[in-house]
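As the structure is a prediction and not an experimental result, all values here were calculated from the model. Convention: sequence-line order gives letters A, B, ...; per-chain numbering from 1.
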Amino acid sequence: MVRTRIAPSPTGEDIHIGNLYTAYINWVFAKKYDGKFIVRIEDTDRSRLVAGAEDKILSSLKAFGIEADEDVLKGGEFEPYRQSERLEIYKKHVLELVDKEKAYYCTCTQDRLDFIRAKMQKEKILPRYDKHCLSKQEEVKKEISEGKKYVIRLNVPVDEIVEFEDVIRGVISINTSSLDDQVLLKSDGFPTYHLAVVIDDHLMEISHVIRAEEWISSTPKHILLYQAFEWDLPIFAHVPILRNPDKSKLSKRKNPVWASWYLEEGFLPQAVLNYLSLMGWSHPEEKDIFDTEEFINTFTLERISPVGPVFDIKKLTWMNGQYIMRLTDEDLKTKILDFFKNENLDEEIVAKSTPLIKERIKTLKDYLNIAKFLFQKPTEYEISLMDKKNIIAQILRKVENIDDFSAKNIGDCLQPLAVKLEVSNSDFFMTLRVVMSGKKITPPLSESMEILGKDECLERLRAAILD
RNA sequence: GGCCCCAUCAUCUAGAGGCCUAGGAUACCGGGCUUUCAUCCCGGACACACGGGUUCGAAUCCCGUUGGGGUCACCA
């Protein structure tokens with residue numbers, strides 16, 4: 001049984017786009033093998049907890065269609081799915097490790113820790129805990145019974161090789177001498193990530209740990225824990241970290257990183273997911289555009305490349321445009337209406353204009369940029385109409401006499417006027433375009449005028465003359 | 001800095017020894033279509049980091065160098 005998970009921390013505004021990426025890979029992998037996808041909330045850092053973050057993460061995941069089979073809302077066989085509610089479990093297990101002498105109590109103060117760290121740094125040796133408390137456990141236990149604050153540390157063996165296999169990168173081996181005696185249980189009684197992740201992944205029967213590359217260097221600690229507990233290892237796959245254009249880890253300083261930002265900018269979930277699937281992975285037939293179902297069918301972990309890809313919003317934007325073009329008119333109308341629900345747009349106008357703007361917008365947000373004039377009169381003109389008054393007056397007279405106000409007929413009636421006035425087509429229609437919309441770039445003119453209707457067009461022509 | 005991971009156009013990538021005078025996509029530049037813009041079509045410029053091996057033959061395998069990234073917390 002394939003069981004995958006993501007373990008977001010409610011410490012930010014929303015789910016990070018990089019986490020959305022790993023979530024998608026995990027979800028797709030589970031779907032491909034008829035497995036289960038679990039969302040586990042890792043809220044063990046009480047100091048960085050952000051109120052509302054958990055809800056936001058869950059709702060964003062849902063907005064992108066990545067639904068968990070087991071999570072804090074749905075529950076499941078292995079609940080609770082919030083780590084702060086599993087404290088007893090961690091405690092019990094870590095004590096087991098102490099019994100086995102794989103872990104030990106430590107009552108060192110932060111001051112002492114800071115001191116030895118500084119000293120080691122000065123001596124240019126790797127700063128890490130010096131196992132000071134390990135040799136005097138009885139004494140330490142006595143201190144603890146007297147109420148002294150303590151942590152429990154992993155007793156990392158000296159100078160051993162820890163090896164594990166990563167599906168994407170092959171065998172990775174690290175000497176334990178580069179590992180610290182990691183704190184497993186913090187003094188507030190909460191586990192650290194390293195303890196909690198191993199226990200939960202085991203207890204929740206996670207078969208494949210698919211997570212970001214930044215976890216590679218702490219995986220040996222996890223291996224040591226699995227060995228200490230005498231548990232079987234899951235399969236590890238470390239997917240690449242998404243990068244800023246300067247190749248550093250994707251960060252909010254340099255890029256929009258919150259998943260919901262993309263939705264707010266008018267990107268379609270499917271387009272974002274499709275783009276994300278191309279990060280470190282490519283379709284065997286070199287396709288760019290494909291839906292989730294096809295991704296599930298063709299995806300393999302082995303095909304993920306270990307190279308960290310730059311997140312290129314330009315290509316995402318192109319892809320989003322492609323998705324918008326492929327939407328049915330009805331579907332696009334609904335999406336635009338929903339996107340601009342606060343604007344209370346006239347549904348009929350949106351419906352009529354949708355086919356006109358379909359190939360012209362890259363995001364839903366672009367819609368009003370290009371079509372706003374259909375809902376309201378221009379407030380200014382991008383081109384001066386001062387020396388065009390005569391032309392406009394002639395157009396006005398002509399338009400007054402058009403009875404069949406269809407796009408085709410409007411064009412047919414106006415075209416001869418351009419010839420008669422000896423004005424080039426582009427000049428003539430640009431003038432009219434600006435009169436109608438105020439802008440130089442618009443959807444097709446005759447069609448737009450048809451949507452506006454004869455009366456509205458006449459009003460705009462008169463307004464332009466008076467301007 | 002130690003350890004670990006990585007290395008094909010600006011970017012995402014194809015490529016698993018001969019099919020590669022390296023293919024596609026985005027972006028960019030030019031042209032066509034066109035009542036603006038967009039779509040669409042055609043064309044262009046642009047890459048195997050470097051140095052050693054192995055081999056009849058290397059973008060592909062090995063080693064080194066360089067470069068980039070990650071990680072070294074009672075954060076995840």
For this session: Look only at the side chain of A/Asn175 and the backbone of A/Ile161, and say whether a donor-acceptor pair between them is shorter than 3.5 Å.
Result: no
Exercise. Is it true that a side-chain atom of A/Ser353 and a backbone atom of A/Leu356 form a donor plus acceptor pair closer than 3.5 Å?
Worked result: no
Exercise. Quantified in whole Å, what is the P atom distance between nucleotide B/A7 and nucleotide B/G64?
Worked result: 15 Å
Problem set entry | Pairing partner of B/C37 (Watson-Crick or G-U wobble, both distances under 3.5 Å) | none
Exercise. With a non-hydrogen cut-off below 4.0 angstrom, is A/Met279 in contact with a base, only sugar-phosphate, or nothing?
Worked result: sugar-phosphate
Exercise. Which of these passes side chain to side chain contact (heavy atoms under 4.5 Å, CB included) with A/Val435: A/Ile391, A/Ile383, A/Leu461?
Worked result: A/Leu461
Problem set entry | P gap between B/C19 and B/C12, integer Å | 26 Å
For this session: Verify, without hydrogens or angle tests, whether A/Lys186 (side chain) and A/Thr44 (backbone) share a donor-acceptor contact under 3.5 angstrom.
Result: yes
For this session: Please list all pairs passing the ring-ring contact (aromatic ring centres under 6.0 Å, His included) test where one or both residues lie in residues 148-187 of chain A, with sequence neighbours left out.
Result: A/Tyr105-A/Tyr150, A/Phe164-A/Phe236
Exercise. If the sugar-phosphate is the primed atoms plus P, OP1 and OP2 and the base is the rest, what is the B/S/- string for nucleotides 68-76 of chain B, using protein heavy atoms under 4.0 Å?
Worked result: SSSS-SBBB
Exercise. Applying the side chain to side chain donor-acceptor pair (under 3.5 Å) test to A/Asp181, which of A/Lys131, A/His132, A/Lys221 qualifies?
Worked result: A/Lys131
Exercise. At under 4.0 Å between heavy atoms, what does A/Pro443 touch on the DNA or RNA strands: base, sugar-phosphate, or nothing?
Worked result: base
Exercise. Do you know which of A/Asn26, A/Asn19, A/Thr22, A/Thr219 makes side chain to side chain donor-acceptor pair (under 3.5 Å) with A/Arg211?
Worked result: A/Thr219
Problem set entry | Integer angstrom distance from the P of B/C74 to that of B/G69 | 26 Å
Exercise. Quantified in whole Å, what is the C1' atom distance between nucleotide B/C48 and nucleotide B/C9?
Worked result: 10 Å
Exercise. For B/C3, what is the paired nucleotide under Watson-Crick or G-U wobble rules, both distances under 3.5 Å?
Worked result: B/G70
Seminar exercise, completed: Using Watson-Crick geometry (N1-N3 plus N6-O4 or O6-N4) or G-U wobble (N1-O2, O6-N3), each under 3.5 Å, B/C56 is paired with B/G18
For this session: Provide the Watson-Crick or G-U wobble partner of B/U26, both distances under 3.5 Å; none if there is no partner.
Result: B/A10
Exercise. If you look at every strand shown and take non-hydrogen atoms under 4.0 Å, does A/Gly321 touch a base, only sugar-phosphate, or nothing?
Worked result: nothing
Exercise. Checking A/Lys362 side chain against A/Lys314 main chain: does a donor-acceptor pair fall under 3.5 Å?
Worked result: no
Exercise. Expressed in angstrom and rounded to an integer, what is the separation of A/Phe295 atom CZ from B/C12 atom C1'?
Worked result: 14 Å
Seminar exercise, completed: The side chain to side chain contact (heavy atoms under 4.5 Å, CB included) partner of A/Ile199 among A/Asp201, A/Val197, A/Leu203 is A/Leu203
For this session: Using only side-chain N and O atoms of A/Arg303, determine if any of them is under 4.0 Å from OP1 or OP2 of B/G15.
Result: yes
Problem set entry | A/Leu356 CG to B/U36 P, straight-line distance once rounded to whole Å | 15 Å
Exercise. Is the number of heavy atoms from other residues, nucleotides or ligands within 6.0 Å of NZ (A/Lys141) greater than 12?
Worked result: yes
Exercise. Do you know which two heavy atoms are closest between A/Ile304 and A/Pro240, and how far apart they sit?
Worked result: CG2-CD, 3.7 Å
Problem set entry | Footprint string (nucleotides 19-29 of chain B, 5' to 3'): B base within contact, S backbone only, - free, heavy atoms under 4.0 Å | ----BSBSS--
For this session: Apply salt bridge (Lys or Arg N to Asp or Glu O under 4.0 Å) to A/Asp45 and A/Arg48, showing your working.
Result: CA-CA 6 Å; A/Asp45 184 347; A/Arg48 292 201 312 155; 3.1 Å; yes
For this session: Considering only atom C1', compute the distance from B/C20 to B/A59 and round it to an integer number of Å.
Result: 9 Å
For this session: Name the nucleic acid region contacted by A/Ser446, choosing base, sugar-phosphate or nothing; use a 4.0 angstrom heavy-atom cut-off, strictly under.
Result: base
For this session: Would you please test A/His202 and A/Val198 for side chain to side chain contact (heavy atoms under 4.5 Å, CB included) and show each step?
Result: CA-CA 6 Å; A/His202 175 260; A/Val198 168; 5.5 Å; no
For this session: Pick the P atom in B/A14 and in B/A73, then give their distance to the nearest Å.
Result: 35 Å
Exercise. What about A/Arg433: does its side chain form a donor-acceptor pair under 3.5 Å with the base of B/U35?
Worked result: yes
For this session: Could you measure between the two C1' atoms, the one in B/C50 and the one in B/A45, and give it in whole Å?
Result: 25 Å
Exercise. Rounded to whole angstrom units, what separation is found between the CZ atom of A/Phe290 and the C1' atom of B/U13?
Worked result: 12 Å
Problem set entry | Span that lies between the C1' atom of B/U13 and that of B/U60, in whole angstrom | 16 Å
Exercise. Would you say A/Ser426 reaches B/U36's phosphate, i.e. side-chain N/O to OP1/OP2 under 4.0 Å?
Worked result: no
Nucleotide N/O of nucleotides 61-66 of chain B paired with protein N/O under 3.5 Å:
none

Problem set entry | Whole-Å distance separating the CG atom of A/Asp412 from the C1' atom of B/U35 | 13 Å
Problem set entry | Chi angles and distances behind the salt bridge (Lys or Arg N to Asp or Glu O under 4.0 Å) call for A/Lys92, A/Glu88 | CA-CA 6 Å; A/Lys92 172 177 159 269; A/Glu88 286 311 309; over 6 Å; no
Exercise. Do A/Phe311 and A/Tyr21 have ring centroids that are under 6.0 Å from one another?
Worked result: no
For nucleotides 45-50 of chain B, print each protein N/O atom paired with a nucleotide N/O atom at under 3.5 Å, atom names and distance only.
none

Seminar exercise, completed: Residues at least two apart in sequence or cross-chain that pass side-chain contact (heavy atoms from CB on, under 4.5 Å) with A/Lys149, listed by chain then number, are A/Ser187
Seminar exercise, completed: When rounded to whole Å, the CD to P distance for the pair A/Gln121 and B/G1 reads 15 Å
For this session: Rounded off to whole Å, could you give me the CG-to-C1' distance for the A/Leu278 and B/C12 pair?
Result: 7 Å
